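Since the model is a prediction, treat every value here as computed from it, not as a measurement. For ligands, and for the atoms within them, numbers begin at 1 and follow the listed sequence.
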Amino acid sequence: MSDTKIPYKIYLSEDEIPKKWYNLRADMKKKPAPLLDTKTMQPITLEALSEVFCRELAEQELNETDAYIDIPDELIDFYKMYRPAPLIRAYCLEKQLGTPAKIYYKFEGNNTSGSHKLNSSIAQAYYAKKQGLEGVTTETGAGQWGTALSMACSYFGLDCKVFMVKVSYEQKPHRREVMRTYGASVTPSPSETTEVGRQILAEHPGTGGSLGCAISEAVEVAMNSDGRYRYVLGSVLNQVLLHQSIIGLEAKTALDKYGVKPDIIIGCAGGGSNLGGLIAPFMGEKLRGEADYRFIAVEPASCPSLTRGVYAYDYCDTGRICPMAKMYTLGSGFIPSASHAGGLRYHGMNSVLSELYDQGLMEAVSVEQTSVFAAAREFARIEGILPAPESSHAIRVAIDEAIRCRETGEEKTILFGLTGTGYFDMVSYEKFNNGVMTDYIPTDDEIEAAVSKLK
Ligand SMILES: *Cc1c(COP(=O)(O)O)cnc(C)c1O
């Protein structure tokens with residue numbers, strides 16, 4: 001089919017929203033290593049995992065056999081508020097770059113939380129409600145996850161307690177107020193409301209807090225709630241990847257309508273949920289031998305878990321409440337520098353993606369933040385959307401691949417995930433615009449020091 005027939009935006013209709021999530025693990029011949037119970041160091045049982053997650057989420061976490069899992073009707077109704085998400089052909093960017101490549105992106109920023117995280121927060125809130133919980137607790141650094149979770153909880157009438165790293169709480173008052181508007185209680189961490197918070201404050205008066213500390217507070221509140229609250233996570237878990245498969249399923253349906261097959265699929269990778277969701281149906285075809293694609297994970301040079309980490313068992317959360325997962329990791333004690341892509345500052349990588357990478361089925365690259373912001377600015381100026389710094393990692397590599405096509409004359413089709421918008425990241429853009437943004441790349445010694453604790 002000729003290009004002229006492909007619109008700038010491919011919108012699906014509401015009844016084309018997927019009715020099932022796709023579980024990539026079902027098609028993996030060699031499965032990811034099992035999650036380990038931190039108490040016994042044995043593969044975790046459904047019973048034990050159900051104490052950490054809601055029952056149905058625990059089942060999803062362990063399910064390696066069902067390729068498709070029904071999306072409850074109540075969730076599909078919620079998804080209809082902001083889905084299907086458009087698949088956009090970047091005609092303007094292609095022209096600007098003078099590339100024969102064809103570039104498509106799946107845009108997940110069309111909701112108030114401004115990112116794909118709502119796809120999973122709403123599912124987690126639904127199962128929490130169904131199980132009769134009173135609410136959930138979580139931490140938030142940059143704020144996207146806290147915002148997405150507060151929207152989901154307000155919809156299902158659940159209480160939402162967010163511990164927000166104190167410096168972010170003070171520096172990002174707007175994100176904080178969005179969460180409060182949706183009914184969440186937002187506590188700057190460390191706080192006087194928890195044992196661990198009081199302890200940290202006594203030792204470090206005036207501290208601005210850290211993600212690890214916020215997690216510990218959120219975990220403590222859930223653990224002391226007599227089962228009324230659960231601690232929830234917005235990335236890295238297999239259940240989150242499963243929920244995010246809606247991104248890839250919609251993208252594939254849209255491309256299939258026009259007979260388009262991508263050659264290269266690119267996503268930014270923090271804990272791996274958007275990337276895992278975007279590539280899921282395509283990777284499924286590759287695993288079943290039906291088609292071939294190149295997959296590229298893009299991570300920040302400041303937090304390079306795939307490209308410089310080790311493949312080992314590690315804690316998923318610094319609160320050490322979740323089971324251990326075998327993954328590419330820098331060590332849960334690794335503290336990345338304060339980069340401007342807060343959503344990518346995660347020490348490890350989802351275990352499915354880690355295993356696919358280890359099997360050579362997916363590539364990974366790391367990029368520096370000044371070049372990421374240069375790509376973000378170029379993209380904003382020509383495509384109109386102001387991208388989140390996290391998403392701009394994928395933009396950087398999509399542009400690089402398109403430039404390579406210009407040099408070789410190859411007409412490759414590139415698909416990337418545009419996970420969100422950057423309206424709350426203007427302090428970072430300001431640094432970039434003023435030419436004062438720096439790139440921090442950890443030294444081999446720093447990485448060695450962090451991963452040596454795993455061995
Ligand atoms: C959280 C976030 C990410 C990274 O998380 P993944 O789980 O790796 O997808 C990417 N983009 C945006 C906009 C985010 O908020």
Would you check whether Gly272 has a nitrogen or oxygen atom less than 3.5 angstrom from a nitrogen or oxygen atom of ligand 1? yes

- Hey, are Lys20 and Asp66 close enough for a salt bridge, meaning a charged N less than 4.0 Å from a carboxylate O? no

Review point. Is there at least one pair of N or O atoms, one from His116 and one from ligand 1, spaced under 3.5 Å apart?
Key: yes

Atom 12 (C) of ligand 1 sits nearest the protein heavy atom Thr419 OG1, 3.4 Å

I want to know if ligand 1 touches Gly271 in the polar sense, i.e. an N/O pair below 3.5 angstrom. yes

Atom 4 (C) of ligand 1: closest protein heavy atom, distance to 0.1 Å, is Gly343 O, 3.3 Å

### Message
Tell me if a side-chain donor or acceptor on Gln359 pairs with a main-chain N or O of Lys30 at a distance below 3.5 Å.
### Response
yes

Min over Gly114, Ser235, Gly270 of heavy-atom distance to atom 7 (O) of ligand 1 lands on Ser235

Checking Thr307, Asp358, Asn350 against Tyr328 for side chain to side chain donor-acceptor pair (under 3.5 Å), the one that qualifies is Asp358

Quick note on ligand 1: atoms under 4.0 Å from a heavy atom of Ser115 include exactly 13 (C), 15 (O)

Nearest heavy atom to atom 3 (C) of ligand 1, choosing from Gln244, Arg345, Gln144, Lys117, belongs to Lys117

One finds that the ligand 1 atoms under 4.0 Å from a non-hydrogen atom of Cys268 are 10 (C)

*asked:* Ring of Tyr8, cation from Arg89 - is the NZ or CZ under 6.0 Å from the centre and inside 45° of the axis?
replied: no

Does the ring center of Phe163 lie less than 6.0 Å from the ring center of Tyr231?
-> no

Leu344 heavy atoms within 4.0 Å reach ligand 1 at atoms 4 (C)

- Query: Hey, mind stepping through Tyr105 and Phe379 against ring-ring contact (aromatic ring centres under 6.0 Å, His included) and telling me if it holds?
  - Reply: CA-CA 12 Å; Tyr105 56 94; Phe379 182 84; 5.1 Å; yes

Do Lys130 and Phe156 meet the cation-pi criteria used here (NZ or CZ under 6.0 Å from the six-membered ring centre, within 45° of the axis)?
no

Honestly, for Ala142 the part within reach of ligand 1 (heavy atoms, under 4.0 Å) is neither

query = Above 12 or not: heavy atoms from other molecules or residues under 6.0 Å from CZ of Arg180?
reply = no

